[in-house]
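To start, the structure itself, in structure tokens.
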Amino acid sequence: MGALRTSVMSLYEVSDVVPGESLMARDLLRGGEPILVKEGTATKTLKQWDKIAARIVPVRGNNILAGGILPFTREATQSLFDSLLDVFGKKNARKLPAMRDQDLRAMAFTFTLVWASDALDKVMNMPRVQNAEGDEFMFHDVRFPLAAGATQEDIAARLNGIAGMSQENAQFWNWLGYMPQGEDRPKEAGTLSLDAAMDSGLRVLGNVELKGGFLCLFANSAARAEKERP
């Protein structure tokens, strides 16, 4: 706790990652040589030259990461440097001077703001996902309570009489449909089309399952869920 109390957030470049064991971290804001950091979790996903915002503290002779880390993209890194340069850079300067600990403490919130802004921008600009009919991709789970006295055999007989229902086992059906070639395209430019199909080429429009006193319908769009309602 004492080490954490005097720690500062900075931006580090990662190298020499040993998954589950350690990494080398070079401070991009304060300068100096890379330091060895003992870390078992983050090293399983970090790669050479990744950049992270973190607090590194010495504990019992080892440097460790204090708490979570914020992964910084190239765009976020540039945005952080620009923000710090506006505050600490000299007039018309293009290079950020070496930062002091007290400066980083005062600007700790900037790391979170820059990271969050970058992450939200990427999420908001992700391509829209649609199914083959061009409906917005959104999973639906519709449950129909079983009538008193209804047996599994009765329900299976009714479902097997519906066109497009293909029984996989005693409690599970695939709802299949034919989609002519060339029609499985999104309605709008800049969207992705995503759907599942059987080996036969028939498209999986949804699934039906007997589960815990309910007949459950699973579909990937509101339109499909509504179409299959009784």
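Counting begins at 1 with the first residue of the sequence. Source: prediction; values computed, not measured.
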- Hey, could you give me the OG/CD distance between S221 and E226, rounded to the nearest 0.5 Å? 10.5 Å

- Message: Less than 4.5 Å apart, side chain to side chain, heavy atoms only: is that true for M24 and I35?
- Response: no

- Query: With hydrophobic residues grouped by side-chain heavy-atom distances under 4.5 Å, do I162 and V142 end up in a single group?
  - Reply: yes

- Item | Heavy-atom donor-acceptor pair, T110 side chain to M107 backbone, under 3.5 Å | yes

- Indicate yes or no for a side-chain donor-acceptor contact from R55 to the backbone of S7 under 3.5 Å, with no hydrogens or angles considered. yes

- Query: What is the minimum heavy-atom distance between A219 and R224, and which atoms define it?
  - Reply: CB-CB, 3.9 Å

- Item | Transitive ILVMFWY side-chain link L104 to L70, under 4.5 Å | yes

- Item | Same apolar cluster: F111 and I52, side chain cutoff 4.5 Å | no

- Message: We want to know whether N160 and Q167 form a side-chain donor-acceptor pair, criterion being a heavy-atom distance below 3.5 angstrom.
- Response: yes

- Task: For the pair Q171 and Q152, evaluate side chain to side chain contact (heavy atoms under 4.5 Å, CB included) and give the outcome as yes or no after the intermediate values.
- Result: CA-CA 8 Å; Q171 297 179 309; Q152 182 171 308; 3.8 Å; yes

- Task: Give the minimum heavy-atom separation between A76 and V114, together with the two atoms involved.
- Result: O-CG1, 3.3 Å

- Message: The test is side chain to side chain contact (heavy atoms under 4.5 Å, CB included); show your working for V14 and K47 and say whether it passes.
- Response: CA-CA 7 Å; V14 171; K47 304 182 298 296; over 6 Å; no

- From CG (D27) to CD (E33), nearest 0.5 Å: 12.0 Å

- Message: Restricting to non-hydrogen atoms, name the atom on G89 and the atom on P97 that form the minimum distance, rounded to 0.1 Å.
- Response: CA-CD, 4.3 Å

- Message: Hydrophobic clustering (ILVMFWY, side-chain heavy atoms < 4.5 Å, transitive) - are M9 and L80 grouped together?
- Response: yes

- Would you check if L176 and L205 make a side-chain contact, meaning some heavy-atom pair closer than 4.5 Å? no

- Message: Test of understanding: with side-chain contact (heavy atoms from CB on, under 4.5 Å), list the residues that count as partners of T43, not counting sequence neighbours.
- Response: V17, L23, E39

- Task: State, yes or no, whether a side-chain contact exists between I64 and V57 at a heavy-atom distance under 4.5 Å.
- Result: yes

- Message: For A223, is there any backbone N or O sitting under 3.5 Å from a side-chain donor or acceptor partner on D135?
- Response: no

- Query: Distance-only, no hydrogens or angles: does the S83 side chain make a donor-acceptor pair with backbone N or O of S79 under 3.5 Å?
  - Reply: yes

- Task: Only counting residues at least two apart or in another chain, list the ones meeting salt bridge (charged side-chain N to carboxylate O under 4.0 Å, His left out) with K95.
- Result: none

- Item | Validation row: H140, M138 side chains within 4.5 angstrom (heavy atoms) | yes

- Would you mind checking if R105 and D103 are paired as a salt bridge, meaning a charged N to carboxylate O distance below 4.0 Å? no

- Query: So does D118 pair up with K122, basic N to acidic O under 4.0 Å?
  - Reply: yes

- Message: Restricting to non-hydrogen atoms, name the atom on I56 and the atom on A25 that form the minimum distance, rounded to 0.1 Å.
- Response: CD1-CB, 3.8 Å

- For the student: nearest non-hydrogen atoms of L65 and A54, plus distance: CD2-CB, 4.0 Å

- Look up atom CG in L46 and atom NZ in K51, then write down how far apart they are to the nearest 0.5 Å. 12.0 Å

- Message: Are F172 and V208 connected into the same hydrophobic cluster when the rule is that any two of I, L, V, M, F, W, Y join if their side-chain heavy atoms are below 4.5 Å apart?
- Response: no

- Residues two or more places apart in sequence or in another chain: which of them pass salt bridge (charged side-chain N to carboxylate O under 4.0 Å, His left out) with D86? none

- Message: Quick check: closest heavy atoms across Q48 and S15, and the distance to 0.1 Å?
- Response: OE1-CA, 3.3 Å

- Item | Those residues that, when tested against W115, pass side-chain hydrogen bond (donor to acceptor under 3.5 Å, both in side chains) (two or more places apart) | none

- Does Y12 reach the side chain of L29, with side-chain heavy atoms less than 4.5 Å apart? no

- Who passes ring pair (Phe, Tyr, Trp, His ring centres under 6.0 Å) against F214, sequence neighbours left out? none

- Task: Flag the pair K38 / E21 as yes when at least one side-chain heavy-atom distance between them is below 4.5 Å, and no otherwise.
- Result: no

- Query: Quick check: are there more than 12 heavy atoms from other residues, nucleotides or ligands sitting under 6.0 Å from CZ of F109?
  - Reply: yes

- Query: Roughly how far, to the nearest 0.5 Å, is CZ of F72 from CD of E13?
  - Reply: 14.0 Å

- About how many Å separate CD of Q130 and CG of N220, when rounded to the nearest 0.5 Å? 11.0 Å

- Can you find a heavy atom in the side chain of N174 that is under 4.5 Å from one in the side chain of E168? yes

- Residues forming a salt bridge (charged side-chain N to carboxylate O under 4.0 Å, His left out) with D16, sequence neighbours excluded: none

- CD (Q102) with more than 12 external heavy atoms under 6.0 Å: yes

- Step by step, would you call F88 with L84 a side chain to side chain contact (heavy atoms under 4.5 Å, CB included)? CA-CA 6 Å; F88 299 104; L84 295 176; 4.2 Å; yes

- Query: Rounded to the nearest 0.5 Å, how far apart are CE of M99 and CG of L28?
  - Reply: 12.5 Å

- Item | E209 vs F218 side-chain heavy atoms within contact, under 4.5 Å | yes

